[in-house]
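The block underneath contains the structure these notes are about, expressed in structure tokens.
Below, all heavy atoms of this structure are taken into account, side chains as well, without hydrogens, waters or symmetry copies.
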Amino acid sequence: MTLHGWASLPLLVAPIGASAVLVFAVPASPLAQPWSVVGGNVISALVGVTAARFVPIPYLAVGVAVGGAIFAMSLLRCLHPPGGAAALTAVIGGPAVLGAGYAFPFVPVGVNSLILILAGIAFHRASGHSYPHRPIPIVGHELTASGLSVPHPADIDLALADLGETFDVSREDLDLLFRRVEFHASKRATRQTGAKAEMR
């Protein structure tokens, strides 16, 4: 499938297939959120086009493109693994891709990414999932006071910084998870206290 009049520039690009896996299979992942998908793919393709233009040795251009894409996505907080493939495609995609130059990151990469996001929103709305993902507290389950302490979101940020690793879960999801842990721990403690009182 090609775009007519643009030297057979492909209408669909392979990295979008990998993006679709993230959007439809793991919609809660930070890597699958709209800014990650659109920003990650477009920015990576821009880096790839730049590497293809200014690095004359193809094998070196590939490394510069993918490495630069990872750096740019991390810096702009839109890390998206298929973006690496978008950068690679910009370098080794053949004459049509190279001839398109800086248009390639926007058409077809940007257009593909936007269509995918719209399809993802429609699908997850129909299936009752949250996308773009937002942590949603469970209705009807109020937290009760207990001896446990739920970490403050700022403390979660500090702990993540201490570890120095990138995790495929957001701070908000961790906060909600800790609150659910406290809720169930409180319920268990209440049941145990009641059982001990009945045994007396």
Side-chain angles (χ1 to χ4, degrees), residues 1-52 62 65-66 68-139 166-177 180:
M1 194 177 296
T2 61
L3 279 173
H4 298 292
W6 275 34
S8 299
L9 186 67
L11 181 59
L12 295 173
V13 287
I16 298 302
S19 295
V21 173
L22 291 171
V23 170
F24 291 108
V26 284
S29 170
L31 305 178
Q33 300 314 298
W35 170 237
S36 294
V37 175
V38 178
N41 282 329
V42 171
I43 289 164
S44 295
L46 284 168
V47 172
V49 170
T50 302
V62 165
V66 176
I70 294 170
F71 176 76
M73 288 188 290
S74 300
L75 193 65
L76 296 172
R77 303 181 65 84
C78 58
L79 192 62
H80 186 64
L88 185 63
T89 302
V91 177
I92 64 170
V97 172
L98 294 175
Y102 285 105
F104 174 73
F106 302 100
V107 180
V109 175
V111 172
N112 283 189
S113 300
L114 287 172
I115 291 172
L116 175 61
I117 290 303
L118 293 175
I121 291 172
F123 175 80
H124 291 300
R125 290 264 175 94
S127 61
H129 293 94
S130 168
Y131 186 81
H133 177 66
R134 297 287 184 274
I136 301 175
I138 300 174
V139 177
T166 300
F167 295 94
D168 191 16
V169 62
S170 69
R171 188 270 303 271
E172 292 77 16
D173 282 327
L174 285 174
D175 183 47
L176 181 59
L177 176 63
R180 297 310 303 163

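In this structure, N112 contributes its side chain and A14 its backbone to no donor-acceptor pair below 3.5 Å.
The minimum heavy-atom distance between V47 and A69, with the atom names listed, is CG1-N, 3.6 Å. When all heavy atoms of L98 and A52 are compared, the closest pair comes out as CD2-CB, 3.9 Å. The two atoms that bring P105 and V109 nearest to each other are O-CB, 3.3 Å, heavy atoms only.
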Kindly list each side-chain donor-acceptor pair under 3.5 angstrom involving residues 83-92, sequence neighbours excluded, with atom names and distances?
residue, atom, partner, partner atom, Å
T89, OG1, A85, O, 2.8

Side-chain polar contacts of residues 27-42 - donor-acceptor pairs under 3.5 angstrom, sequence neighbours left out - could you list them?
residue, atom, partner, partner atom, Å
S29, OG, L31, N, 3.1
S29, OG, D168, OD1, 2.5
S29, OG, D168, OD2, 3.2
Q33, OE1, H133, N, 2.8
Q33, NE2, P27, O, 2.7
Q33, NE2, S29, O, 2.7
W35, NE1, L76, O, 3.1
W35, NE1, R77, O, 3.4
S36, OG, P30, O, 2.9
N41, ND2, S19, OG, 3.2
N41, ND2, V37, O, 3.1
N41, ND2, S113, OG, 3.2

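The CD1 atom of I115 lies 9.0 Å from the CD1 atom of I16; values are rounded to the nearest 0.5 Å. Taking CG of L22 as the reference point, atom CG of L116 lies at 9.5 Å (rounded to 0.5 Å). Considering CZ of R134 and CG of L176, their distance stands at 14.0 Å, rounded to 0.5 Å.
By the 30° and 60° cut-offs, the orientation of the rings of H124 relative to Y131 is tilted.
For Y102, the OH atom is densely surrounded, since the number of other residues' heavy atoms within 6.0 Å is greater than 12.
Within the structure, ring pair (Phe, Tyr, Trp, His ring centres under 6.0 Å) pairs that include any residue of residues 11-33 comprise F24-F123 (at least two apart or interchain).
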